[in-house]
Amino acid sequence: MKTLLFFSFGLIAFNSFSQVISGDVVNEGRSLTTNPDFKIKSTTEGVIVYDVTVNREGVITSTLFKAEQSTIKSTPLKVEANNYLRALKFESNTRYPQFQHALIKITFVKE
């Protein structure tokens with residue numbers, strides 16, 4: 001019974017952070033206050049990965065495209081993903097450092 005409960009909890013936790021790949025935000029357990037699905041409908045399939053910086057207020061203050069981890073190189077799609085990321089908001093608290101980083105993966109799916 002304990003194994004089943006542990007496995008269920010682990011699966012739920014894994015799915016909730018499945019697109020926020022790594023970084024200080026993940027290590028601190030900082031969660032999103034918005035509920036995105038990290039998918040954008042497009043004519044192209046692939047993924048774009050950004051390194052984002054989050055301030056204490058939970059706002060994404062900067063983004064850096066990670067070409068080596070992305071399968072899409074299109075500038076219009078990078079701009080669309082960047083705009084999508086700028087709308088995300090993480091929980092705010094003064095106990096967090098002034099700035100934290102995270103890698104976030106956006107998946108583009110065909111319509």
Side-chain angles (χ1 to χ4, degrees):
M1 182 66 181
K2 289 180 183 178
T3 305
L4 180 62
L5 183 61
F6 179 74
F7 179 73
S8 298
F9 179 72
L11 188 60
I12 291 169
F14 177 74
N15 285 335
S16 65
F17 270 106
S18 62
Q19 302 300 319
V20 182
I21 301 169
S22 64
D24 301 334
V25 171
V26 175
N27 295 342
E28 294 266 340
R30 197 169 181 180
S31 61
L32 285 161
T33 58
T34 54
N35 194 16
D37 61 356
F38 298 101
K39 292 182 183 174
I40 298 176
K41 291 181 181 177
S42 176
T43 57
T44 306
E45 285 188 351
V47 297
I48 290 181
V49 178
Y50 273 94
D51 181 358
V52 299
T53 303
V54 181
N55 65 11
R56 282 187 178 140
E57 289 77 36
V59 176
I60 293 178
T61 58
S62 71
T63 59
L64 176 64
F65 175 68
K66 303 297 278 184
E68 64 277 358
Q69 296 175 341
S70 302
T71 60
I72 295 176
K73 308 297 185 216
S74 165
T75 300
L77 294 179
K78 288 192 292 187
V79 170
E80 188 174 351
N82 192 5
N83 292 338
Y84 185 88
L85 289 172
R86 294 293 182 151
L88 298 179
K89 184 139 171 85
F90 287 85
E91 67 181 342
S92 63
N93 196 322
T94 56
R95 73 176 177 90
Y96 294 122
Q98 186 173 0
F99 296 104
Q100 290 183 307
H101 289 273
L103 286 179
I104 299 180
K105 178 174 74 172
I106 304 293
T107 304
F108 285 81
V109 294
K110 283 191 177 181
E111 294 183 87

Would you compute the distance between atom NZ of Lys105 and atom OG1 of Thr71 and round it to the nearest 0.5 angstrom?
9.5 Å
Rounded to the nearest 0.5 angstrom, the CD1-CD1 distance for Ile72 and Ile48 is 4.5 Å
So, using side-chain hydrogen bond (donor to acceptor under 3.5 Å, both in side chains) as the criterion, who are the partners of Tyr50 when residues are at least two apart?
none
Flag the pair Tyr84 / Pro36 as yes when at least one side-chain heavy-atom distance between them is below 4.5 Å, and no otherwise.
yes
Please check: side-chain N/O of Thr33 versus main-chain N/O of Lys89, any donor-acceptor pairing under 3.5 Å?
yes
State whether the side chain of Thr63 and the backbone N or O of Val52 hold a donor-acceptor pair below 3.5 Å, judged by distance alone.
no
Asn55 side, atom CG; Ser92 side, atom OG - distance, nearest 0.5 Å:
9.0 Å
If you compare all heavy atoms of Arg30 against all heavy atoms of Gln100, which two are closest, and at what distance to 0.1 Å?
NH1-OE1, 2.7 Å
At what distance, to the nearest 0.5 angstrom, does CZ of Phe65 lie from CG of Asp51?
12.5 Å
Going from CD on Glu28 to CG on Asn93, what distance comes out if it is rounded to the nearest 0.5 angstrom?
10.0 Å
Any chain of hydrophobic side-chain contacts (each under 4.5 Å) joining Val47 to Leu103?
no
Heavy atoms, side chains only, cut-off 4.5 Å: are Phe108 and Thr44 in contact?
no
Would you say that Phe38 contacts Leu88 through its side chain, given a criterion of any heavy-atom pair below 4.5 Å between the two side chains?
yes
Close side-chain approach of Leu77 to Ser42, heavy-atom, < 4.5 Å
yes
Which atom names give the shortest non-hydrogen contact between Thr94 and Arg56, and what distance separates them?
O-NE, 3.8 Å
Please check if the number of heavy atoms outside Asn35 that lie under 6.0 Å from its CG is greater than 12.
no
My understanding is that only residues two or more places apart in sequence, or in another chain, count here; which of them pass side-chain hydrogen bond (donor to acceptor under 3.5 Å, both in side chains) with Glu91?
Tyr96
Could you measure the distance from the CD1 atom of Ile40 to the CD1 atom of Ile106? Nearest 0.5 Å is fine.
5.5 Å
Shortest non-hydrogen separation from Glu111 to Lys41 and the atoms involved
CG-CB, 3.7 Å
Backbone N/O of Lys39 and side chain of Thr107: donor-acceptor pair under 3.5 Å
no
Look at the side chain of Arg86 and the backbone N and O of Ala81, then say whether any donor-acceptor pair between them is shorter than 3.5 Å.
no
